[in-house]
Amino acid sequence: MMPIKKGKVRVRFAPSPTGGLHLGGVRTVLYNYLFARQHKGSFILRIEDTDQGRYVEGAEQYILDCLEWCGLEPDEGPHKGGPFSPYRQSERKESYRQYAEQLVQSGHAYYAFDTPEDLEKMREELKRPDNPSPQYDHRVRSSMKNSLTLSQDETDKLLQQNTPHVIRIRVPENEIVSFHDLIRGEVQFNTNSVDDKVLLKADGMPTYHLAVVVDDFLMQITHAFRGEEWLPSSPVHILLWKYLGWKDSMPEWAHLPLILKPDGNGKLSKRDGDRLGFPVFAMDWKDARTGETTQGFREKGFLPEAFINLLAMLGWNDGSGKELFTIEELIESFSLDRVHKSGAKFDFEKAKWFNHEWIKKIDTPVLVTALQKKLSEKNLSYETHYLSKVIELVKERCTYVNDLWEHSVFFFISPDPDVTAIVSKWNDEKTTFFNNLMEVFQMVQPWDSVSLEHECKMLATANNIKPGEVLLPLRIMLVGGKFGPGVFDIAAVLGKQETNKRIASTLQVLRNNKVG
RNA sequence: GCCGCGUUGGUCAAUCGGUUAAGACGCAUCCCUUUCACGGAUGAAUGAGGGGUUCGAUUCCCCUACGCGGUACCA
């Protein structure tokens, strides 16, 4: 059993506005959500709606739509408020400066007046083959223009003149920062390899480093889950919790393994999806810069249940070999100590398998609704009862929800039978047989698959025809080609009138064909 | 370069010192189905390398190799 902090569990998800909700992002939300639900806690959505200081149109709505589709409803968030409003980054920006100033007062941060050019010059001058990217750290800060090297008067003067400046954390020399990660155990860093990260930018906006710590503290977050790419900056965050005097309120950390591209290694990116032909976003994602839209899992025809299921299994399992989980079962059995340490390559074939399984498993009405939507696009309308029967027959052959239509068109539109496969073997005996079959079908009671098959085969035997010789023709008459579920199942659903109508019309086609 | 994290079949992975090293996806073959799928059966395929510790290491420790992540006034 995982040691849980005292007090109510509070977890948060804080997506950036420019990335779309990709696989890794959704998995992070999912694990947050599962953990919160399991511990009867709160799942908080804190949204970043600005990028480089500019408001990103539609970012918030996109995130909310994705979460809704996935069924991962936050308990607190920008759209529904909560005790720690506001939940939008753009509405919180005013409050960060005081915390940065507080750190300056206590000696754990300092003002830095270096211009971007100064920084570039420093990096260029200190660059060595064995140190290609020099950091602004305890070794170099003494030779830079900041409140540690300037006198108090000079500093005050620069501040009064509104000289552009940032506030940087003053990382101590040669100290060990260690913390416990719920997934990785004890993790240690020597502060000598940690640089003096900017906390407050020249435009007055906080960097992520300051913002997460302040926000997590103010929102009383108890458990912080994020991608493994954040592990290297965690010592900065730990130091901030300590220097702000909040060490006792620091959340438990969990750095989740990365989701990797299927070929080669490396983090999965949007480009990999484009390149390899599969979605990486939960829903269609329109890139604000290029105006390009990339297809999402929803639009591709994935069931949210399947999407959630496959994502949950990418980095976690319950140890029993079970792979199909409902969200309730996931809440029940999820545990952080069974989350893997290493990244998992995304396998789209396996993702398709999950969806296929879920299409077979999900309640028919869900699929009926999906099919109805497609039908209304075609200006067709059928009653639910009929659609349910159709879906029962075709769902097991569908990988995507969108396949339902293609696999069932012939139930709604009379096919144009492709007689090429049967015309060469056609003869008068078969014409007679099918004429008789229509008469037999007219009488058959009850109109179900078993009776139809029985009557058809009886008639064939009586006419000295092998059943196999008439089965393919019958299929082509009813569905138009060599595909689809069992012929008699199809006939049973189509009904007496429609079945006979299709037999008759194909007979007509064959007659014309012969004449022609 | 430095710092950190990781390494069981092609992929996802079980094993928490003793197993013929599960299972799933994919692949191959066969069966079922007088279509196509579904389904069933079978098969090929795995502990990065080297040292320890131990009666015994895939499992614990160290080194090496490899991979990934970070090294920004991006997140």
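Residue numbering restarts at 1 for every chain, and letters A, B, ... go by the order of the sequence lines. These figures come from a predicted structure and were not determined experimentally. FYI, side chains are in, hydrogens and waters are out, and symmetry mates aren't considered; it's all heavy atoms of this structure.
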Visitor: Encode nucleotides 14-33 of chain B as B, S and - characters from 5' to 3', where the letter depends on protein heavy atoms closer than 4.0 Å: B to the base, S only to sugar-phosphate, - to neither.
Guide: SS--------BB--------
Visitor: Output the rounded distance in Å from NZ (A:Lys345) to C1' (B:rG9).
Guide: 13 Å
Visitor: Determine the interatomic distance between C1' on B:rG50 and the same-named atom on B:rA57; round to the nearest Å.
Guide: 15 Å
Visitor: Could you tell me the separation between the CD1 atom of A:Ile259 and the P atom of B:rA13, rounded to a whole number of Å?
Guide: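 The answer, rounded to whole Å, is 10 Å.
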Visitor: Across the strands shown, which category fits A:Gly486 at heavy-atom distances under 4.0 angstrom: base, sugar-phosphate, nothing?
Guide: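 Base contact.
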Visitor: What side-chain donor-acceptor pairs closer than 3.5 Å can you find for residues 461-479 of chain A, not counting sequence neighbours?
Guide:
| residue | atom | partner | partner atom | Å |
| --- | --- | --- | --- | --- |
| A:Thr461 | OG1 | A:Lys457 | O | 2.7 |
| A:Asn463 | ND2 | A:Leu459 | O | 2.8 |
| A:Arg475 | NH1 | A:Phe483 | O | 2.4 |
| A:Arg475 | NH1 | A:Gly484 | O | 3.4 |
| A:Arg475 | NH1 | A:Pro485 | O | 3.3 |
| A:Arg475 | NH2 | A:Pro485 | O | 2.9 |

Visitor: Mapping A:Asn190 and A:Phe346 to their closest nucleotides on RNA chain B, which lands nearer the 5' end?
Guide: A:Asn190
Visitor: Where the side chain of A:Ser147 meets the backbone of A:Tyr111, is there a donor-acceptor pair that is under 3.5 Å apart?
Guide: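 Here the side-chain-to-backbone pair exists.
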Visitor: Between A:Phe325 and A:Trp316, is a ring pair (Phe, Tyr, Trp, His ring centres under 6.0 Å) present by the stated rule, with each step listed?
Guide: CA-CA 12 Å; A:Phe325 287 83; A:Trp316 172 86; 5.6 Å; yes
Visitor: Could you tell me how far apart A:Leu310 (CG) and B:rA13 (P) are, to the nearest whole angstrom?
Guide: 12 Å
Visitor: Go through B:rA13, B:rU35, B:rA37 for me and flag the one nearest to the A:Ala344 side chain.
Guide: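 Shortest atom-to-atom distance from the side chain points to B:rA13.
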Visitor: Hey, is the main chain of A:Asp118 close enough, under 3.5 Å, to the side chain of A:Thr115 for a donor-acceptor pair?
Guide: yes
Visitor: Taking any heavy-atom pair under 4.0 Å as a contact, classify A:Lys360: base, sugar-phosphate, or nothing.
Guide: sugar-phosphate
Visitor: With rounding to the closest Å, how many angstrom separate the P atoms on B:rA14 and B:rC60?
Guide: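 Per the computed distance, 13 Å lies between those P atoms.
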Visitor: In whole angstrom, give the distance that lies between atom NE2 of A:His255 and atom C1' of B:rC3.
Guide: 15 Å
Visitor: When you compare B:rU46 with B:rU7, how far apart are their C1' atoms, in angstrom units rounded to a whole number?
Guide: 13 Å
Visitor: List the atom of A:Asn317, the atom of A:Met313, and the distance in Å for their closest heavy-atom pair.
Guide: CB-CE, 3.9 Å
Visitor: Using a 4.0 Å heavy-atom cut-off to protein, can you give one letter per nucleotide of nucleotides 65-75 of chain B, 5' to 3': B if the base is in contact, S if only the sugar-phosphate is, - if neither?
Guide: --SSBSB-BSB
Visitor: Any protein N or O atoms within reach of nucleotides 40-44 of chain B? Criterion: under 3.5 Å, listing atom names and distances.
Guide:
none

Visitor: Can you check the distance between B:rA48 and B:rU58, where both ends of the measurement are the P atom (answer in whole Å)?
Guide: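 Comparing P positions in B:rA48 and B:rU58 gives a spacing of 10 Å.
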Visitor: Treat a base pair as Watson-Crick or G-U wobble with both distances under 3.5 Å, then lay out RNA chain B in dot-bracket form, 5' to 3', with | for cross-strand pairs.
Guide: (((((((..(((.....[....))).(((((.......)))))....(((((..]....))))))))))))....
Visitor: Which value, in whole Å, describes the distance between the P atoms of nucleotides B:rG56 and B:rG67?
Guide: 34 Å
Visitor: Between A:Lys389 and A:Glu392, does at least one N-O distance fall below 4.0 Å, as a salt bridge requires?
Guide: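 Looking at A:Lys389 and A:Glu392, the cut-off is not met.
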Visitor: Restricting to side chain to side chain contact (heavy atoms under 4.5 Å, CB included), what partner residues turn up for A:Ala306, sequence neighbours left out?
Guide: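 Side chain to side chain contact (heavy atoms under 4.5 Å, CB included) check on A:Ala306 returns A:Leu303, A:Asn355, A:Trp358.
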Visitor: Provide the distance between the two C1' atoms, one in B:rU54 and one in B:rA22, to the nearest whole Å.
Guide: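 Nearest-Å result for B:rU54 against B:rA22 at atom C1': 26 Å.
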Visitor: How far does the C1' atom of B:rA24 sit from the matching atom of B:rG6, given to the nearest Å?
Guide: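 It works out to 23 Å between them.
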Visitor: Who pairs with A:Glu329 by salt bridge (Lys or Arg N to Asp or Glu O under 4.0 Å), at least two apart in sequence or on another chain?
Guide: A:Lys322
Visitor: Does A:Thr149 reach the main-chain N or O of A:Ser143 with its side chain, forming a donor-acceptor pair under 3.5 Å?
Guide: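 No, the answer is negative, given that no donor and acceptor are paired below the 3.5 Å cut-off.
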Visitor: Identify the two heavy atoms, one from A:Lys341 and one from A:Pro257, that lie closest to each other, and give their separation to 0.1 Å.
Guide: O-CB, 3.8 Å
Visitor: Measure NZ/A:Lys425 against P/B:rU34 and give the value in whole Å, please.
Guide: 17 Å
Visitor: Counting only N and O atoms by type, is there a donor-acceptor contact under 3.5 Å from the side chain of A:Arg123 to the main-chain atoms of A:Gln135?
Guide: no
Visitor: Given the C1' atoms of B:rA65 and B:rG26, what is the spacing between them in whole Å?
Guide: 30 Å
Visitor: Once side-chain hydrogen bond (donor to acceptor under 3.5 Å, both in side chains) is applied, do any residues pair with A:His165, and if so which ones, sequence neighbours excluded?
Guide: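 side-chain hydrogen bond (donor to acceptor under 3.5 Å, both in side chains) check on A:His165 returns A:Arg97.
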Visitor: Taking all heavy atoms of A:Thr191 and all of A:Pro172, pick out the closest pair and write down the distance.
Guide: OG1-O, 2.8 Å
Visitor: Please identify each residue that fulfils ring-ring contact (aromatic ring centres under 6.0 Å, His included) with A:Tyr243, with sequence neighbours left out.
Guide: A:His108
Visitor: If you compare every side-chain N and O of A:Lys395 against the phosphate oxygens of B:rA37 (OP1, OP2), does one of them come in below 4.0 Å?
Guide: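 Answer is no, no contact under 4.0 Å.
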Visitor: Could you check how far CZ of A:Phe483 sits from P of B:rA37, rounded to whole Å?
Guide: 13 Å
Visitor: How are the rings of A:Trp405 and A:Phe412 set to each other: parallel, tilted or perpendicular (split at 30° and 60°)?
Guide: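 Correct class here is parallel.
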Visitor: Between A:Tyr136 and A:Arg141, is there a cation-pi geometry (under 6.0 Å to ring centre, at most 45° from the normal)?
Guide: no
Visitor: For A:Ser193 and A:Val487, take the nucleotide of RNA chain B holding the closest heavy atom to each; which residue's nucleotide lies nearer the 5' end?
Guide: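 Going by which nucleotide is closer to the 5' end, it is A:Ser193.
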Visitor: How close or far is atom C1' of B:rC38 from atom CG of A:Asp489, stated in whole angstroms?
Guide: 13 Å
Visitor: side-chain hydrogen bond (donor to acceptor under 3.5 Å, both in side chains) with A:Glu455: which residues, sequence neighbours excluded?
Guide: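 Scan of A:Glu455 (side-chain hydrogen bond (donor to acceptor under 3.5 Å, both in side chains), adjacent residues dropped) gives none.
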Visitor: Where does B:rC38 land, syn or anti, once you apply the within-90°-of-0 test for syn?
Guide: syn
Visitor: Can you give one letter per nucleotide of nucleotides 58-63 of chain B, 5' to 3': B if a protein heavy atom sits under 4.0 Å from the base, S if only from the sugar-phosphate, - if neither?
Guide: ------
Visitor: Name the nucleic acid region contacted by A:Pro485, choosing base, sugar-phosphate or nothing; use a 4.0 angstrom heavy-atom cut-off, strictly under.
Guide: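 Here A:Pro485 touches the bases of the nucleic acid.
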Visitor: Identify, with sequence neighbours excluded, every residue that meets ring-ring contact (aromatic ring centres under 6.0 Å, His included) alongside A:Phe278.
Guide: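 Testing A:Phe278 for ring-ring contact (aromatic ring centres under 6.0 Å, His included), a comparison that skips the adjacent residues, returns A:Phe346, A:Phe348.
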